Structures are given as C-alpha cells and as structure tokens.
Amino acid sequence: MPKPGIIGGAALVALIGGAIAAFAVTWRPAIETIEPPAPQSFDPALVKRGRDLAAIGNCSDCHTAPGGKSFAGGLAVPTPFGAIYSSNITPDPDTGIGRWPEAAFQRAMRSGVDRAGHHLYPTFPYDHFTNVTDGDDRALYAFLMTRPAVRAPDRSNDLSFPFNQRFVVAGWKLLFLKKGAYKADSTQSAEWNRGAYLVDGLAHCGACHTPRNALGAEKVTASFSGGDVDNWHAYAINAQSRSPLPWTTDALFHYLRQGWDSDHGVARGPMAEVTANLASVPESDVRAIALYMTSVFGPPTQDRLNQTNATRAEIKSPPVQPALADTPGASIYAAACATCHASDRPLPYSGINLRLSTALSAPDPRNAANIILSGIRPVGGERSPIMPGFANSMTDDQISALLNYLRGRFSSQPAWTGVEQIVRDARQTETVSLRTSSSPDTAGRTSERGHQP
Ligand code: HEC
Ligand code: HEC
Ligand code: HEC
C-alpha cells in the first residue's frame, strides 16, 4: 500500500494547483432540501429491489460502525492518507439523508457530490457507482429512505493537509473519475453484460482487487491484478491469478454464493462480507457475476492446465521433500494442522488440502498469517467452517517457521521474504480487532474493517 510519504513534493504542488482549477470546473450547487418523504410513499417491490442492490454494493458494511445501528455511518475506513468516516445514510432529517431528494442521492452516486455541493472522498466508491442506472439508483433510494431513521452526526475525518481539503477531491475527479453509464457489449450475452455492469459498478470488485497509484486511484492498466485492503491481500482475479486450480464459472458461483468452494477454500476477511451479502441476492445476479469474471480470468493456458494436473496428482500422493522434513515448521504442521487439513472430511467443516490454498501461493503471507492467528470463528446460528486461532498458543517465531514450511511444501512459488515482520504486523492487527470486536460470534465472517477502533 502506498504511504503518504511517497507522494513527492512536486506532485503535491501540482495536485493542489490542479485541484483549485478543477474546483472551478467541477463546482456544483446545493440541491434544495425536501420534507422527508413518508416510507409508505415508496413501492414495496422497489424497496425490495433496492435491498438486493444495496447488498451487492456492500453499503451496510461500510456504513455501519462496530456495534452501531445499520446505515448510521461512523465506520473509520482506513486510507493511506488517514481515516475517512462513513456518513449516516439513514433517513434522519438532521444527521442523515432524510431531506435529500432523489436527485441529490443520484448525484452523490454518480459524481461523488453531496446534497450541499461538497465533493465526497472516493473511499465511497462512486468511481464504480457512477455506472448505476437511474432505475437502480431509484430502488436504492427507496430502500434507504424506508430504513429506521437514526440520529448520528457525521464524524470528522482524520486526514492530514492537504487531503483534509475537499477541493483536492475535485482534482482527483478530473484525473480519475470516468463518468458514464455502462455500455453494453453487443457481442456478448445479456447475462455476461449483466455481470459486467455489476462487477464494474455496484459490486465494485476492482476497488479491492485492483492495485492503486500514489493518489489512491485504481491503475486502469492493471485491472484485477491484486490489491490491498485492511491488512489483507485481495488476490489477482485475472490471468495473473495464483490460485493452484484455475477458477471456473461453477467454482466462482459457489465461492461467491456460499462463501467457499471445494477446490479453493473459504472466503475470509473483507471477502467474507462480500460473499455473505451475495448469499442473499437473486441467484441470477451471482451467476452473471461468475460468468463475467470467468472471461476476466480468461481460458487457462496450457502451462496452467499442466500445473493443474500436477497439483491434483500431488494431492493424491504428496511428494516427500527431505529438506523440509526436520524443520520446526514440519512438526508444528503435523501436530496442529494436519488433523483437519490432511483428512478426507468434506468441506467446509474440514480444511482444504493446503496444496489448493491461494493464501500459500500468494505474493506475500499476509492472509495466511491472519488466518493462522485468528482462525475462523463460527457464525451464530449457521453450520459454518471452524478453525481455531493460534494467536495465544504460538509465538511469532513459531508462526514464521510454520509459514516458511507451508510455502515450501504446498506451493510451487519461491520462498517468501520478510515473513517475521508480516507476522508481527498481522498480530498487531489481530490484537486490535479482538479488543474492539463487539460480537465475537460473527467475527470470523467480518473484516478488520468492521473492527476498526
Ligand atoms: C468502501 C466503503 C463504502 C461503501 C462500500 C459504500 N460507501 Fe457510501 N460512503 C463511504 C464513505 C467513507 C463516505 C463519506 C465520504 C466523505 O465524507 O467524503 C460515504 C458517503 C456516502 C454518501 C454521502 C452521504 C452524505 O451525507 O454526504 C452516500 C449517499 C452514500 N455513501 C451511499 C452509499 C450507498 C448507497 C452505498 C452502496 C450502494 C455505499 N454508500 C457504499 C464509504 C462507502
Ligand atoms: C472489500 C474488498 C473486496 C471486495 C469488494 C471484493 N473482494 Fe474478492 N477478495 C478480497 C480479499 C481480501 C480476498 C482474499 C480472501 C481470503 O484470503 O480468503 C478476496 C478473494 C477473492 C477471490 C478468491 C481468489 C482466489 O484465488 O482464492 C475471488 C474469486 C474474489 N475475491 C472475487 C471477487 C469478486 C467477483 C468481487 C465482486 C463481486 C469481489 N471479489 C469483491 C477482497 C474483496
Ligand atoms: C479444527 C480443524 C482445523 C485445524 C486444527 C486447522 N484448520 Fe486451517 N482451516 C480449517 C477450516 C474448516 C478452514 C476453512 C476451509 C478452507 O479454506 O480450508 C481452514 C482454512 C485454512 C486456511 C485457508 C485455506 C484457503 O486458502 O482457503 C489456511 C492457510 C489454514 N487453514 C491453515 C492452517 C494451519 C497452518 C493450521 C495449523 C496451525 C490449521 N489451519 C489448523 C480447519 C482447521
């Protein structure tokens, strides 16, 4: 993740200069307030559609603080420039959007401008939401305006100068915001186009899976090649994917819909929120997303297919690697992990054979360290995967030794570097998340983002 320091002074001056000019160009007037509309004035079918669209857009995950009321905002969303607090988007007339007409809501979604005319930070992913159709914005508005109103004043952001100046966002928009409706590709099926519209728009998959430049904008030339979110790596989900077995439409559908797939394991961290949301929306939308994403991955190359066969063969008869046999990591794996990960119990209640784990083939061990420390906590009221956390029973040295062993034994990628530091960082995040977690029941399915102090 870029640190603020890497933005050179010259770039900063250019940014501020550009922003002042841009402000003049992009200035928007306030939109008149209205009397809050009565909830009964909205068509229930429209409200229902808005509910599903809001789930696809993860609105509640960002707009609900730990232990707070739904959509009342106040969640700290970390950025390299400081924390930005999400807004109250309940229909409270004074602290929420109760006096916003639909046109103001649509302008916020499309151009990142609030009702009063202020630029909003792109942490609110309007660079994706800009493609949402009038009809879908109307449904989202109807859904939000019929939620319980919650009185919760917006918190001010913890940003350093000049990023605390909203006019800076005007410059950012001129450079990076490509407004416009989704343009259908007539050579593709309606289902594919539906998937593309959702992935690039409401579902904003690229917001996590595409790397960002020093100014926090997605690199358009590197779409879906892997990004960072809250001390997790959002893996490459294009031809650069490191997943040991290639993703197919069916595998993607299962993973996105039920949160796990037998060839790839479970979704954790911020991705667990995404899949929990997709579990409740029309199945056809998840199928469309899976279909479109298959074409983003592209057909597997011959190399990839050979590798796939090798991987399947290795699972049947694991190779003996003498160099790893007597390492401390080997004994820890045998004692603490193999019972679940090298057994034949079906997913998701046992672990996958770790030869299939993308976490162990990933460019760095962040996700693997996170999961070994915190495990997977059961979801209240559901039969869901469980893995114990090892934060209290293993030292950083033991976890590092284990990670080095797992990488050597279960992936065909070169050894990781900086493992010790990554384990220390992961433990720090784990401690913070445990301290502030309001509901341990759902913690395994909720991202660190939901647990920010
Ligand atoms: C990745 C986190 C994130 C997601 C996902 C997200 N938002 Fe937000 N949203 C924010 C943040 C942060 C702000 C505040 C931006 C600022 O203060 O400039 C915000 C601001 C807004 C605002 C402006 C409110 C105001 O009072 O100015 C609206 C409206 C809004 N979001 C609606 C939505 C809807 C609808 C969805 C789902 C379709 C959604 N958001 C999804 C983070 C998010
Ligand atoms: C809030 C951030 C975020 C969003 C939004 C998001 N992802 Fe993810 N995604 C992640 C993270 C983090 C992981 C790694 C999870 C893990 O280690 O279990 C991940 C993992 C995945 C994987 C597994 C890849 C592999 O090789 O194991 C797939 C597939 C995926 N995401 C697809 C999507 C799609 C499609 C969307 C949009 C519908 C999406 N993601 C939206 C953060 C996100
Ligand atoms: C009680 C059973 C159990 C034990 C013990 C256990 N795990 Fe797990 N583990 C699971 C389950 C269930 C999952 C979720 C399914 C999956 O993704 O494999 C999981 C997931 C994982 C994943 C993510 C795989 C992926 O990419 O989807 C990793 C990595 C992992 N475990 C490593 C370990 C290590 C290392 C140990 C030993 C220190 C361990 N586990 C001990 C049950 C267990």
Side-chain angles (χ1 to χ4, degrees), residues 53-54 56-63 73 75 77 84-89 96-97 100 104-105 108-109 112 114-116 118-126 129 132 140-141 143-144 154 157 166 169 198-199 202-209 227-230 232-237 241-243 247 251-252 255-256 260 264-275 278 286 289-290 292-293 296 332-333 335-341 347-354 356-362 367-368 370-372 375-376 385-388 390 394 399 402-403 406 447 449:
L53 295 168
I56 294 175
N58 305 330
C59 314
S60 130
D61 295 314
C62 275
H63 283 277
L75 178 74
V77 185
I84 299 183
Y85 290 89
S86 62
S87 329
N88 179 349
I89 54 170
I97 60 168
W100 287 35
F105 175 76
M109 292 288 285
D114 74 3
R115 189 204 54 78
H118 305 124
H119 290 289
L120 293 163
Y121 290 100
T123 317
F124 167 33
Y126 54 78
F129 296 167
V132 174
L140 281 163
Y141 178 76
F143 171 67
L144 290 173
D154 286 344
N157 300 322
R166 286 191 181 267
V169 177
L198 290 174
V199 165
L202 266 185
H204 64 278
C205 311
C208 293
H209 285 278
D228 301 289
V229 51
D230 310 342
W232 289 83
H233 179 60
Y235 307 127
I237 48 171
S241 162
R242 292 267 188 93
S243 91
W247 284 93
L252 281 165
Y255 178 85
L256 294 170
W260 60 273
H264 302 86
V266 295
R268 300 168 304 264
M271 191 62 200
E273 293 179 352
V274 173
T275 59
L278 292 178
V286 185
I289 290 174
Y292 171 69
M293 285 313 298
V296 170
I332 301 175
Y333 173 77
C337 321
T339 38
C340 290
H341 284 282
L347 269 184
Y349 312 109
S350 75
I352 48 170
N353 184 306
L354 291 177
L356 298 175
S357 169
T358 309
L360 299 181
S361 292
N367 295 13
N370 289 343
I371 191 173
I372 293 171
I376 300 177
I386 302 179
M387 165 170 157
F390 293 90
M394 284 191 206
I399 293 177
L402 176 61
L403 284 169
L406 296 174
S447 87
R449 198 145 30 96

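The structure presented is a predicted model; accordingly, all values stated were derived computationally and were not measured. Note: hydrogens, waters and symmetry copies are ignored here, and every other heavy atom, side chains too, is used. Counting from 1, the numbers follow the sequence of the chain as shown. One-based numbering, in listed order, for ligands and for the atoms of each.
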Apex atom 8 (Fe) of ligand 2; atoms Met271 SD and His209 NE2; angle rounded to 10 degrees: 180°

Those residues that, when tested against Ala54, pass side-chain contact (heavy atoms from CB on, under 4.5 Å) (two or more places apart): Cys59, Leu140, Phe143

Pick from Cys205, Ala362, Ala234: the one approaching atom 34 (C) of ligand 2 most closely through a non-hydrogen atom: Cys205

N or O pair under 3.5 Å between His204 and ligand 1: no

Distance-only N or O hit between ligand 1 and His63, under 3.5 Å: yes

Ligand 3 atoms in contact with Ala336 (distance to a heavy atom under 4.0 Å): 5 (C), 37 (C), 41 (C)

For Ser350, the ligand 3 atoms whose distance to one of its heavy atoms is below 4.0 Å: 11 (C), 12 (C), 15 (C)

Per-residue contact class, Met293 against ligand 2 - non-hydrogen pairs under 4.0 Å: side chain

Nearest candidate to atom 24 (C) of ligand 1, where distance is taken over non-hydrogen atoms, out of Ser87, Cys62, Cys59: Ser87

Set of residues satisfying ring-ring contact (aromatic ring centres under 6.0 Å, His included) with respect to Phe390, sequence neighbours excluded: none

Check: Thr358 N/O within less than 3.5 Å of ligand 2 N/O: yes

Apex atom 8 (Fe) of ligand 3; atoms Met387 SD and His341 NE2; angle rounded to 10 degrees: 170°

Backbone or side-chain N or O of Tyr235 under 3.5 Å from ligand 2 N or O: yes

